[in-house]
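Notes follow once the structure below has been shown.
Each chain gets a letter, A, B and so on, in the order the sequences are listed, and its residues count up from 1.
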Amino acid sequence: MDTVSLSEPHASLRIYNTLSKRKEPFRTVQPGKVGIYLCGPTVYDKAHIGHMVGPVIFDCIKRYLTYCGYEVTWVVNITDVDDKLIAKARQRDISMLEVAQENIADYQENLASLGVDQINHFPRATQCMDEIIGLIHSLVEQSFAYASDGDVYFDVTKDTGYGKLSNRSVSDLQGEGGTTVGRKQNAADFALWKGAKPDEPSWESPWGKGRPGWHIECSAMSRRLLGKTFDIHGGGLDLVFPHHENEIAQSECCHSRPMATYWAHNGLLRSSSQTGKVGGRSKPGSKLNKTSMADSAANATATEGGKMSRSKGAGGLAELIARQGGERIRFFLLRTHYRSTVQFNEPAIEDAGIGLESFYRLLKRYQRITGNDFYDLVVPSTRTEGASAASDDPTLQAASSCRDKFLAAMDDDFNTGGAIGELFELAKLINKFCDESGLDQEKGDPVERHQDTAALGKLRQLLTIWKELAGILGIFCQKPTATNATSDRFEPLMQLIVALRATARAKKDFATADTIRESLTSVGITLEDRTGGSEWTAGDANSIEGLMQLLIALRATARANKDFTTADTIRNRLEELGIMLEDRPSGTEWVQNADCGMRIAE
RNA sequence: GGCGCCGUGGCCAAGUGGCUAAGGCAUCGGAUUGCAAAUCCGACAUCCCCGGUUCGAAUCCGGGCGGCGCCUCCA
């Protein structure tokens with residue numbers, strides 16, 4: 001086999017290679033360019049969370065390589081022809097194409113939800129038939145493959161390197177057979193082309209009508225989009241054998257060149273019992289828990305333990321994302337090194353979400369102090385650009401050290417878990433800086449405000465570093481869109497409640513103030529008193545009813561205390577929002593005008 | 001049976017030969033707060049067991065115990 005000369009190694013980046021079973025310095029086929037091929041799904045059914053592990057880590061890998069100055073092309077293939085697709089199409093009485101189309105849409109929506117947006121090409125097997133047939137033809141011509149009764153098989157005995165990826169020998173594999181044993185010359189031979197059975201989707205070929213074997217599409221599509229030799233080939237650990245072993249056999253025998261320099265395999269997800277606790281406090285009166293319970297039937301597979309797979313009924317990724325949010329799931333997956341097995345369960349995702357929330361509070365703090373939006377910060381897009389000049393400021397020095405450690409972790413085979421540790425460290429550093437510089441305090445004195453200018457500049461620098469690093473992981477890149485359908489009502493109601501509470505606090509009526517806060521807590525809203533006023537966390541769809549009940553109760557108390565000013569304030573403010581209160585003997589009910597008197601409450 | 005992976009505090013999880021074993025969650029103290037929340041400070045592990053190599057090991061080697069993956073479709 002010909003050798004391919006590679007670029008000089010990157011100064012610090014190392015990647016684990018399944019082929020050599022060790023970490024290697026990173027070199028590329030073409031200087032400054034990287035080609036990545038990741039094996040995507042067979043789209044016979046909806047995606048499950050296991051399908052997201054590879055895309056999420058490779059999304060980070062591409063971001064990181066780009067950040068390191070490489071021009072990266074990333075391909076994720078889609079297998080849209082296979083036995084299971086055919087079976088599914090028959091079962092549903094639609095075409096194979098339709099089955100594929102549906103599940104591709106599902107897959108891509110899920111990717112988008114997890115922030116995976118770096119993929120350049122999604123080639124589909126059915127759209128690459130010419131390349132596939134050409135490749136098989138070449139293998140037959142070179143005697144690496146043989147036609148047999150409408151099928152074409154790859155002859156593993158002709159490939160001297162066969163088994164090098166998965167560390168097996170051809171003789172080890174000769175015990176196997178399978179249903180096609182009669183047509184094969186060796187038990188370990190595998191199909192490149194399968195002759196069509198009646199009523200199966202098929203394509204014309206020199207060997208008659210048929211369809212490609214599973215492995216050949218990847219050899220064909222990677223060659224078309226990335227060349228005969230490209231840099232990184234990825235996929236789940238379960239694809240090492242036979243899929244990737246066979247890809248190597250096909251491509252390398254055909255081209256007499258290495259197929260890929262690095263073979264990177266992500267660990268598999270395991271579902272584990274939901275009863276197994278993974279830290280994480282449950283919020284008081286949390287609606288999260290309620291939802292988890294309600295959906296526990298849908299997650300039956302997650303309670304069984306063992307490997308995730310569609311054949312075991314795993315699925316419902318879209319529902320999981322709806323429940324947990326894509327960012328949490330992404331963050332959850334990145335907490336663990338990509339080659340490790342991840343125990344997957346919802347409490348663990350919620351646990352990851354708690355950490356994420358502390359980051360959001362930091363961003364909010366930045367906004368509160370500076371009046372600027374964190375998402376407007378412009379960050380360095382490359383590693384060299386981000387390298388800060390030496391500073392004698394201890395805080396900036398410490399931040400720079402966090403950045404160095406973060407990058408060192410990423411350099412070490414994309415250790416996102418270690419990198420996230422540094423993100424937490426940096427966040428703590430920034431919070432501490434805010435605490436110590438007293439930036440949260442309101443300054444009336446112009447002299448003090450002037451002193452703050454330097455501190456504010458420093459704060460901006462610190463957040464910029466934080467955003468730069470978070471961006472490598474693909475988190476906190478863009479402002480989350482407020483999706484709360486109730487937010488139109490929610491904000492004004494909260495403002496009213498908080499104003500009522502502020503009045504109570506001003507009058508040292510702490511009993512009322514505390515009642516209000518506790519009531520909000522039980523509806524899932526946390527109130528935080530700041531120097532400039534109270535802040536609150538977003539509620540969910542059910543919060544509105546809770547807020548209304550709280551207001552009704554507050555008004556009732558005020559009326560009982562003959563505090564008609566407060567009672568009327570509540571009613572009048574609500575009226576301005578188009579909400580009418582109706583006092584009935586059975587209690588007060590509320591009606592939303594906008595909905596033509598349709599009662600929302602019970 | 002063949003090939004391979006893993007076992008770090010209550011839980012999750014970095015670290016793979018040498019400063020005080022990252023970080024997150026949880027817990028317990030303290031600062032702060034009207035009280036909280038948030039934030040900060042502090043406390044909390046000698047790394048499954050045994051043996052070996054070494055001046056020195058969680059980190060290397062051997063053995064054991066335990067968990068898991070692939071060898072059939074699978075990310």
Side-chain angles (χ1 to χ4, degrees), chain A residues 18 21 23 38-42 44 47-57 76 79 82-84 163 166-169 171-173 175-176 178-179 188 214 234-243 245 265-270 276-281 305-312 314 331-332 335-337 339-343 347-348 350-358 361-362 364-365 405 409 412 415-425 427-436 440 505 508-511 513-514 517-518 521 526-530 534-537:
Chain A
T18 307
K21 294 174 180 54
K23 291 177 193 168
L38 176 70
C39 283
T42 303
Y44 67 90
H48 63 73
I49 186 173
H51 291 114
M52 295 294 120
V53 180
V56 166
I57 180 62
V76 176
T79 303
D82 123 306
D83 289 339
K84 287 183 178 171
S166 59
N167 195 22
R168 319 162 194 233
S169 66
S171 58
D172 287 344
L173 297 162
E176 312 290 326
T179 53
W214 175 34
L237 211 45
D238 53 349
L239 296 182
V240 173
F241 186 90
H243 187 52
E245 193 69 72
H265 292 99
N266 59 267
L268 305 178
L269 235 45
R270 285 174 41 74
K277 58 172 210 175
V278 188
R281 85 200 131 175
K307 182 184 159 184
M308 304 274 311
S309 73
R310 289 192 284 217
S311 57
K312 288 185 184 171
F331 189 66
F332 164 74
R335 287 200 311 179
T336 309
H337 186 94
R339 282 190 284 113
S340 304
T341 303
V342 178
Q343 297 281 338
E350 282 162 20
D351 179 58
I354 291 170
L356 226 34
E357 280 166 29
S358 75
R361 280 191 296 268
L362 174 63
K364 220 170 176 180
R365 190 176 195 180
K405 287 183 194 162
D412 183 12
N415 181 357
T416 53
I420 285 172
E422 294 307 318
L423 214 51
F424 275 107
E425 280 287 288
K428 182 189 285 187
L429 192 76
I430 300 172
N431 270 316
K432 194 171 173 176
F433 174 75
C434 292
D435 282 3
E436 288 172 356
D440 286 304
R505 289 179 74 205
K508 305 262 185 239
D509 176 8
F510 295 122
D514 290 349
R517 192 174 55 205
E518 282 156 22
T521 303
T526 308
L527 214 54
E528 300 178 5
D529 294 333
R530 307 280 178 200
S534 300
E535 284 190 353
W536 56 86
T537 58

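Residue-to-nucleotide contacts include no donor-acceptor pair under 3.5 Å from the side chain of A:Arg335 to the base of B:A13. Taking only distance into account, the side chain of A:Arg339 never meets the base of B:C5 through a donor-acceptor pair shorter than 3.5 Å. Judged by distance alone, with hydrogens and angles left aside, A:Arg505 brings a side-chain donor or acceptor within reach of the base of B:G34, the pair sitting under 3.5 Å.
Residue A:Glu425 is classed as a sugar-phosphate contact, given heavy-atom separations below 4.0 Å to backbone atoms only. A:His265 comes within 4.0 angstrom of nothing in the nucleic acid, heavy atoms only. Among the protein residues, A:Gly235 comes within range of the sugar-phosphate backbone only, with heavy atoms under 4.0 Å from sugar or phosphate atoms but none that close to a base. Residue A:Gly234 is classed as having no contact, given no heavy-atom separation below 4.0 Å to the nucleic acid. Using a 4.0 Å heavy-atom cutoff across all strands shown, A:Gly236 reaches sugar-phosphate atoms only and no base atom. Within 4.0 Å (heavy atoms only), A:Leu239 reaches sugar-phosphate atoms of the nucleic acid but no base atom. Backbone-only engagement by A:Lys428 is indicated by non-hydrogen atom pairs under 4.0 Å involving sugar-phosphate atoms exclusively.
Comparing B:A37, B:G24, B:G34 against the side chain of A:Glu528 picks out B:A37 as the nearest. Ranking B:A37, B:A75, B:C71 by closeness to the A:Thr526 side chain, first place goes to B:A37. Comparing B:A37, B:C40, B:C25 against the side chain of A:Ile354 picks out B:C25 as the nearest. In this structure, of B:A36, B:G23, B:G2, it is B:A36 that holds the atom nearest to the side chain of A:Arg517. Counting only heavy atoms from C-beta on, A:Phe241 has its side chain closest to B:C70 among B:C70, B:A75, B:U39. Relative to the side chain of A:Asp514, the nucleotides B:U39, B:G15, B:G34 differ in distance, and B:G34 lies closest. Set against B:C73, B:A75, B:G24, the side chain of A:Cys39 has B:A75 as its closest nucleotide.
With a cut-off of 3.5 Å on both pairing distances, the Watson-Crick or G-U wobble partner of B:C5 is B:G67. Of the nucleotides present, none pairs with B:A38 by Watson-Crick or G-U wobble criteria with both distances under 3.5 Å. Of the nucleotides present, B:G10 is the one that pairs with B:C25 by Watson-Crick or G-U wobble criteria, both distances under 3.5 Å. Remark: B:G18 base-pairs with B:C55; criterion is Watson-Crick or G-U wobble with both hydrogen-bond distances under 3.5 Å.
OP1 and OP2 of B:A38 both lie 4.0 Å or more from every side-chain N or O belonging to A:Arg530. For B:A13, the OP1/OP2 oxygens have no side-chain nitrogen or oxygen of A:Ser340 closer than 4.0 Å. Within the 4.0 Å cut-off from OP1 or OP2 of B:G4, at least one side-chain nitrogen or oxygen of A:Asn167 is found. Look at A:Lys432 and you'll find a side-chain N or O under 4.0 angstrom from OP1 or OP2 of B:C41. Using a 4.0 Å cut-off, no side-chain N or O of A:Asn431 falls inside it from OP1 or OP2 of B:A38.
Shown here for A:Leu237 and A:Leu268, the closest heavy-atom pair between the two residues is N-CD2, 3.9 Å.
In this structure, the separation between CG on A:Asp435 and NZ on A:Lys428 is 12.0 Å, given to the nearest 0.5 Å. Taking OH from A:Tyr44 and CG from A:Asp83, the interatomic distance works out to 11.5 Å, rounded to the nearest 0.5 Å.
Place A:Asn266 and A:Thr341 on RNA chain B by their nearest nucleotides, and A:Thr341 ends up nearer the 5' end. Heavy-atom nearest nucleotides on RNA chain B were determined for A:Asp529 and for A:Thr336, and the one closer to the 5' end corresponds to A:Thr336.
Using a 4.0 Å cut-off between charged nitrogen and carboxylate oxygen, A:Arg517 and A:Asp514 count as a salt-bridge pair.
Side-chain contact between A:Asp529 and A:Arg505: present, with at least one pair of heavy atoms (C-beta onward) separated by less than 4.5 Å. Considering only heavy atoms from C-beta on, A:His243 stays 4.5 Å or farther from A:Asp238 through its side chain.
Residue side chain A:Phe510 meets the stacking definition with respect to B:G34: its ring centre sits within less than 5.5 angstrom of the base's six-membered ring centre, and the planes differ by less than 30 degrees.
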